[in-house]
> 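Please see the structure below; I have some questions.
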Amino acid sequence: MTIRGIKGVKDILPDEVGRWQLIEAEARRLAEVYGFREIRVPIFETTELFARSIGASTDIVEKEMYTFQDRDGSSLTLRPEATAGAVRAYIEHNLSASPTSQKLYYFGPMFRHERPQAGRLRQFHQFGVESFGCAEPAADIEVLSLLWRFFSTLGLPDLTLEINSLGEAGDRPAYKEVLLEFLKKHEEKLCQNCLRRMATNPLRVLDCKVPECRAATEHAPKLTDHLSAAARGHFDAVLAGLRTLAIPFTLNPRLVRGLDYYTLTTFEITTTHLGAQNAVGAGGRYDGLVETLGGPKTPAVGFAVGLERTVLALPGAAVQTPSKLVYVASFGLQGQPAGQRVLYDLRAIGIQANTDNRAASLKSHLKQADRLGASLTVIIGDDEVAKDLVVVRDMTTKEQVEIPLSSAANGLRTRLNTA
RNA sequence: GUGGGUGUAGCUCAAGGGUUAGAGCGCCUGGCUGUGGCCCAGGAGGCUGCGGGUUCGAAACCCGUCACUCACCCCA
């Protein structure tokens with residue numbers, strides 16, 4: 001039996017890498033335009049970091065982490081998300097004292113042991129940003145603006161921005177009591193799952209997809225009606241900011257996030273082109289996290305984008321056209337080495353040039369040039385070398401001209417610009 | 001962790017229990033001795049996922065197993 005890749009861990013093959021590069025380039029460009037700076041943090045950390053930041057009783061920590069023992073017995077974990085690591089680095093390197101490193105962005109693989117399905121893998125990739133040190137709604141708006149612009153610039157179709165406020169740290173426990181009281185009165189209408197959720201995570205009941213549950217909770221007390229004055233004011237300011245920027249949004253009082261560290265603003269961008277896992281990007285504010293992990297009291301807001309899901313939803317037309325290619329078709333005792341020299345010179349001046357070293361006949365060379373999508377093909381056989389010239393064939397017009405062998409690379413460069 | 005679907009050529013898929021398992025695309029060769037795409041002719045490529053069972057006979061039916069896939073849960 002041949003060795004196969006791991007379940008839920010995928011290869012990204014050359015034919016699809018173009019879409020990835022397009023998305024990554026746009027993410028990086030926009031993040032820099034918005035004044036974010038890249039940070040590269042490790043893909044594994046101590047297990048405790050994730051347990052403390054994401055929350056010990058969340059699904060991610062309870063059953064989805066790739067955890068293993070180091071040789072000295074300490075427990076390490078492949079990161080299920082990057083915020084924890086970014087916050088750890090922020091604290092460890094005293095970035096709170098840096099005037100220029102408050103806004104960070106990152107790329108990289110994340111790992112969660114889940115059953116794979118459409119848009120969900122065990123190793124997946126995220127692009128994300130973290131904005132530290134600003135408690136003002138302006139920071140939420142800036143981050144949301146970047147996220148929205150990213151997807152709309154890429155041209156993802158049918159986007160919806162859903163937004164909610166979870167309130168300040170104290171608001172949620174108080175609301176949970178009120179909600180539980182309501183749910184208990186309607187227990188008999190809820191599905192098995194929701195009865196279980198009442199014990200584990202009552203807020204999730206509001207997010208249930210079963211129609212009966214939705215109906216039963218339609219008149220449930222809303223979290224946004226139980227916000228403190230400060231939280232309410234913050235939320236209203238964020239919404240006002242979105243209106244100012246003409247970013248469309250939908251209020252979703254049922255929107256709950258699965259990570260414990262979120263406070264105040266939470267949001268999610270979905271598209272209808274994905275299947276059941278329809279969120280392409282999500283995030284929110286996490287004002288308590290830096291302090292929880294032992295740093296100074298520091299407000300923060302950020303998001304993460306699922307790159308696989310972005311690739312899935314990216315319109316086919318968005319892929320970039322490849323740059324112009326010169327194919328070198330050389331054969332024969334004299335032609336072959338001459339061709340190698342031309343290839344070497346073309347590459348030296350930065351022209352994309354290729355050949356097929358297996359091809360022995362002109363026919364097979366031209367066939368390969370065609371498959372590679374070459375704009376021009378240089379034909380160099382013994383006859384050409386004897387006459388000290390090469391034949392340049394335009395692959396679309398089939399027009400052929402002869403140019404001197406000695407200056408072939410430069411001659412091809414000028415021809416390529418007009419081809 | 002739970003449930004459904006699917007496993008046949010490199011890819012997409014046919015073959016109602018009955019000869020030697022086929023097609024399209026792709027690949028190779030030739031027509032065209034040094035000129036690609038289109039066309040024509042030919043060719044290579046298969047333990048029908050794996051193991052058992054039923055049957056005169058299994059790619060097909062049954063059991064098991066593995067893989068892939070979709071969904072639940074949850075999340076990007």
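Note that the structure is predicted; figures quoted are calculated from it, not measured. Just so we're on the same page: letters track the sequence lines, and every chain starts at 1.
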> Using the C1' atoms only, state how far G49(B) lies from U55(B), rounded to an integer number of Å.
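Those two atoms are separated by 23 Å.
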> The side chain of K367(A) lies closest to which of these nucleotides: G36(B), C73(B), G34(B)?
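It is G36(B).
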> Select one nucleotide: of G34(B), G37(B), A67(B), the one nearest the side-chain heavy atoms of L362(A).
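Per side-chain heavy atoms of L362(A), the pick is G34(B).
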> For a quick check of understanding: with a heavy-atom distance under 4.0 Å over all strands, which category does E62(A) fall into, base, sugar-phosphate or nothing?
nothing
> Is any side-chain heavy atom of P42(A) closer than 4.5 Å to a side-chain heavy atom of R79(A)?
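Counting from C-beta outward, P42(A) and R79(A) never come under 4.5 Å.
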> Taking any strand in view, what nucleotide pairs with G17(B) in a Watson-Crick or G-U wobble way, both distances under 3.5 Å?
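WC or wobble partner does not exist here.
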> Which part of the nucleic acid does L121(A) contact within heavy-atom distance under 4.0 Å: base, sugar-phosphate only, or nothing?
base
> With both distances under 3.5 angstrom, what nucleotide forms a Watson-Crick or G-U wobble pair with U69(B)?
G4(B)
> Do the ring centers of Y106(A) and F127(A) come within less than 6.0 Å of each other?
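No - the distance between ring centres of Y106(A) and F127(A) does not fall below the 6.0 Å cut-off.
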> Round to the nearest Å and state the distance from R112(A) atom CZ to C73(B) atom P.
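Interatomic distance, CZ of R112(A) to P of C73(B): 16 Å.
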> Does a side chain donor of either R112(A) or Y66(A) reach within less than 3.5 Å of an acceptor in the other side chain?
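Looking only at side-chain atoms, Y66(A) and R112(A) do not form any donor-acceptor pair under 3.5 Å.
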> A76(B), C70(B), G36(B): which one has an atom nearest the side-chain heavy atoms of K398(A)?
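Selected nucleotide: G36(B).
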> Under 4.0 Å, counting only non-hydrogen atoms across every strand here, what does R115(A) touch: a base, just sugar-phosphate, or nothing?
base
> Which one, G34(B), U35(B), A76(B), comes nearest to the side chain of L366(A)?
U35(B)
> Would F331(A) count as stacked on G34(B) if the rule is ring centres under 5.5 Å and plane angle under 30°?
no
> Within the structure, does a side-chain N or O atom of Q277(A) lie under 4.0 Å from either OP1 or OP2 of C72(B)?
yes
> When the C1' atoms of G45(B) and C11(B) are compared, how many Å lie between them, rounded to an integer?
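About 13 Å, rounded to a whole number of Å.
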> For G275(A), answer base if it contacts any base atom (sugar-phosphate contacts may also be present), sugar-phosphate if it contacts only those atoms, and nothing otherwise; contact means non-hydrogen atoms under 4.0 Å.
sugar-phosphate
> Find the distance between CD1 (I23(A)) and CG (L156(A)) and round it off to the nearest 0.5 Å.
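Output value for this atom pair is 7.5 Å.
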> For A59(B), what is the paired nucleotide under Watson-Crick or G-U wobble rules, both distances under 3.5 Å?
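Answer to the pairing question: none, since A59(B) forms no Watson-Crick or G-U pair.
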> Write down the distance separating the P atoms in U6(B) and C13(B), rounded off to the nearest Å.
13 Å
> Counting side-chain heavy atoms from C-beta on, which of C73(B), U35(B), A76(B) comes nearest to A279(A)?
A76(B)
> Between Y175(A) and H226(A), how do the two ring planes meet: parallel, tilted or perpendicular, split at 30° and 60°?
tilted
> In this structure, how many angstroms lie between the C1' atom of G36(B) and the CG atom of D394(A), rounded?
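Atom-to-atom, D394(A) to G36(B), this comes out as 13 Å.
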> Which residue lies toward the 5' end of RNA chain B, T397(A) or H113(A), if each is placed at its nearest nucleotide?
H113(A)
> Answer with yes or no whether R393(A) presents, from its side chain, a donor or acceptor under 3.5 Å of a partner atom in the base of G36(B).
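Such a pair is found, so the answer is yes.
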> By salt bridge (charged side-chain N to carboxylate O under 4.0 Å, His left out), which residues pair with E114(A), not counting sequence neighbours?
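With neighbours one apart ignored, the set is R120(A).
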> Contact class for M395(A) (heavy atom, under 4.0 Å): base, sugar-phosphate, or nothing?
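Base contact.
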> Would you mind telling me which residue lines up with the more 5' stretch of RNA chain B, A276(A) or G8(A), judged by nearest nucleotide?
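Closest to the 5' end, via its nearest nucleotide, is G8(A).
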> May I ask which nucleotide in the shown strands pairs with U35(B), Watson-Crick or G-U wobble, both distances under 3.5 Å?
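Partner of U35(B): none.
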> For A44(B), give its Watson-Crick or G-U wobble partner with both distances under 3.5 Å, or none.
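Per the H-bond distance test, none.
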> Applying a 4.0 Å non-hydrogen cut-off, can you work out what Q368(A) is touching in the nucleic acid: base, sugar-phosphate, or nothing?
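Nothing, no nucleic acid heavy atom in range.
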> Which nucleotide sits closest to the side chain of L259(A): A76(B), C74(B), G36(B)?
A76(B)
> Using the P atom on both, measure U54(B) against G3(B) and round to a whole Å.
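Going atom to atom, P in each nucleotide, I get 29 Å.
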> Between G34(B), U69(B), A71(B), spot the one nearest the side chain of K10(A), thanks.
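Per side-chain heavy atoms of K10(A), the pick is U69(B).
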> Would one find a side-chain N or O of R371(A) under 4.0 angstrom from OP1 or OP2 of G26(B)?
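Negative; the distance criterion is not met.
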> Do the side-chain N or O atoms of K363(A) get closer than 4.0 angstrom to the phosphate oxygens (OP1, OP2) of G36(B)?
yes
> Quick one: does L179(A)'s side chain get under 4.5 Å of L203(A)'s, heavy atoms only?
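Sidechains of L203(A) and L179(A): in contact.
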> Compare all side-chain heavy atoms of E64(A) with those of D59(A) and state whether any distance is below 4.5 angstrom.
yes
> Starting the side chain at C-beta, find the nucleotide from C72(B), G37(B), C70(B) nearest to R120(A).
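Ranking C72(B), G37(B), C70(B) by closest atom to the R120(A) side chain puts C72(B) first.
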> With hydrogens left out and only the distance checked, is there a donor-acceptor pair under 3.5 Å joining Q117(A)'s side chain and the base of C68(B)?
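Counting by modelled atom types and ignoring angles, no donor-acceptor contact under 3.5 Å is found here.
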> Mind checking A369(A) for me? I need base, sugar-phosphate or nothing, with any heavy atom below 4.0 Å counting as a touch.
nothing
> Any strand counts, and the cut-off is 3.5 Å on both contacts for Watson-Crick or G-U wobble. Which nucleotide pairs with C74(B)?
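The base-pairing partner of C74(B), which may sit in any strand shown, does not exist here.
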> Could you tell me which nucleotide pairs with C50(B) by Watson-Crick or G-U wobble geometry, both distances under 3.5 Å, or answer none if nothing does?
G64(B)
> In whole Å, what is the span from the CG atom of N354(A) to the P atom of G36(B)?
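It works out to 20 Å between those atoms.
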> Of the listed nucleotides (C68(B), C73(B), G34(B)), which one gets closest to any side-chain atom of I379(A)?
G34(B)
> Is there a Watson-Crick or G-U wobble partner for G10(B) with both distances under 3.5 Å, and if so, which one is it?
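Its partner is C25(B) (Watson-Crick or G-U wobble, both distances under 3.5 Å).
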> Taking only residues two or more places apart in sequence or in another chain, which ones pass salt bridge (charged side-chain N to carboxylate O under 4.0 Å, His left out) with E142(A)?
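Listed in chain order: K103(A).
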> If you take atom types as modelled and just measure distance, does the side chain of E64(A) reach the base of G1(B) with a donor-acceptor pair under 3.5 Å?
no
> Determine the interatomic distance between P on U2(B) and the same-named atom on A21(B); round to the nearest Å.
40 Å
> Any side-chain N or O of Q126(A) under 4.0 Å from OP1/OP2 of A76(B)?
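Answer is no, no contact under 4.0 Å.
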